[in-house]
Amino acid sequence: MGKVGFGVAVSCAVASCAIAAILVSRRVKSRRKWNRVVGVLRELEEECSTPVGRLRQVVDAMAVEMHAGLASEGGSKLKMLLTFIDNLPSGSEKGTYYALHLDSTDFKVLRVQLGGKRSTISEPNVEQQPIPQHLMTSTSEDLFDFVASSLKQFVEREGNDSELQLVKRRDLGFTFSFPVKQMSASSGILIKWTKGFAIKDMVGKDVVGCLQQAMTKRGLDMRVAALVNDTVGTLALEHYHDEDTVAAVIIGTGTNACYVERADAIIKSQGLLKSSGAMVVNIEWGNFWSSHLPRTSYDIDLDADSPNPNDQARGFEKMISGMYLGDIVRRGAAYCALMLISVVTTSGKQILFIRYAIGSGMDETSVMADMHEDDSPDLREVAKILEDTLEISDIPLKVRKLIVKVCDVVTRRAARLAAAGIVGILKKIGRDGSSGITSGRAKTGDESSSKMRTVVAIEGGLYIRYSNFREYLNEAVAEILGAEMAPHVILRVSEDGSGIGAAILAASHS
Ligand code: BGC
């Protein structure tokens, strides 16, 4: 080999070594990055972990806070609002009744015919429409004008239906899915907005007064016979079907629960209540807080960026409900993605995407649910969602798996915490197999309470439509209660209960 040939061979070898060294070093760097990401994910998993011991602490804390909220006004973060519903419908209600349900995004009007026997409730006539976005931050007058005119159109569409013309007075159950301090079963003032609503002039006003005024303005002759929280509507419907129903839970855009409490346990209102022996209490558990809740830096950031930042304001809701879950996932996944830039896509596009690709609130959560429920071996649905939203077609399988894992960790925590909340209610009323609580402290070890059949109704998109969430929740309730007690507690899905239940309550309060 001549000198020139030797020189060329040496330079080629050096160049190949250099390329090999660069490739190796890139691979090493990329492996290191990947390992760091796996570390972050493991950390998230640990921080979100909810072993049954921790869940039992949350159960006790929930029961204790419920007790404190019933003992004195402001005695707990849990408002434990009186509903003045001291008798749930008996099943003997008869006639045509209306309901109007105002929730975070939708507005529903419905009519039901009650036949006087539990089984003879007609298929309700329902109309649903979205609430125009601008009305959520406008004035109370604008919002209720819209509500009243939709209601009027609904009634006018009854046309010449001869049976409906015989209805003498139209009684309405009004489901208002926000915290209200009730003065009676048919009046109450808004305490504050949740779930993205922010109509300032409405806070502190009588919700029924506003609706009644708007209906009068439109010449609509209807009377609000019952004002109910959505949890209370759900409880009423499910109790109508099954008298062993003692509590109702909503897990959708927002989350909350109500239950039937003994009147003598509502210490803050002693003397004020007619004594039928019991009353439905709206817990407003979105506000629940306990140091036993597993909180991560993503929760803290989410809280800081929320419209109601404050350490623990609506802390439970922010860990559980559809308004926030997708956002927590986005923050967790975006953080992992940040560390992965340059390793994840061959096209070199950054995947800071999650921060921007997915909308907000419930939309974000339903995208998350779709990715989480992708059971194809190559996570085709995840790839499709990422491609549709980000226009990146080459996200490797291992990254797709990582995103699904983040969805799983956040969803599992939410569902298990909601399960602990449910068992907390059961503990408060002595239906969890323990002896409940005395003087605000959870008792342990005493298994004396009776094993009565106990039904808890659950409504809300997150529970009804997100099967992973539902399975995690059901599993955790059984795990906390233990094998002996779990068979006595039935979790029942309720559809449209909040609206239909309000119509039934209008009937029983007319
Ligand atoms: C509201 C509750 C409601 C729940 C479920 C929460 O944000 O404060 O009143 O029951 O959402 O809709």
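Indexing begins at 1, ligand by ligand and atom by atom, following the structure's order. Source: prediction; values computed, not measured. Counting begins at 1 with the first residue of the sequence. Values below: every heavy atom of this structure, side chains too, minus hydrogens, waters and symmetry copies.
- When the options E317, R314, K318 are evaluated for a side-chain contact (heavy atoms from CB on, under 4.5 Å) with T255, the one that passes is E317.
- The side-chain contact (heavy atoms from CB on, under 4.5 Å) with V109 is formed by just one residue from the set N125, L172, L151; it is L151.
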Identify every side-chain donor-acceptor pair in residues 242-249 under 3.5 Å, counting partners at least two apart or on other chains, and give the distances.
residue : atom : partner : partner atom : Å
D242    : OD1  : D244    : N            : 3.0
D242    : OD1  : R453    : NH1          : 3.1
D242    : OD2  : R453    : NH1          : 3.2
D242    : OD2  : R453    : NH2          : 2.9
D242    : OD2  : R492    : NH1          : 3.0
E243    : OE2  : R118    : NH2          : 2.9
D244    : OD2  : R453    : NH1          : 2.7
T245    : OG1  : E238    : O            : 3.3
T245    : OG1  : D242    : O            : 2.8

Give every donor-acceptor pair under 3.5 Å between a side-chain atom in residues 191-198 and any protein atom, sequence neighbours left out.
residue : atom : partner : partner atom : Å
W193    : NE1  : I199    : O            : 2.8
K195    : NZ   : D103    : OD1          : 3.1
K195    : NZ   : S177    : O            : 2.8

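- At most 12 non-hydrogen atoms from other residues, nucleotides or ligands lie less than 6.0 angstrom from NZ of K94.
- Within the structure, the ring pair (Phe, Tyr, Trp, His ring centres under 6.0 Å) test picks out the following pairs touching residues 459-482 (sequence neighbours left out): H372-Y466.
- Within 4.0 Å of ligand 1, protein heavy atoms come from S177, F178, P179, T194, K195, N229, D230, I250, G254, T255, N256, E284, R314, E317.
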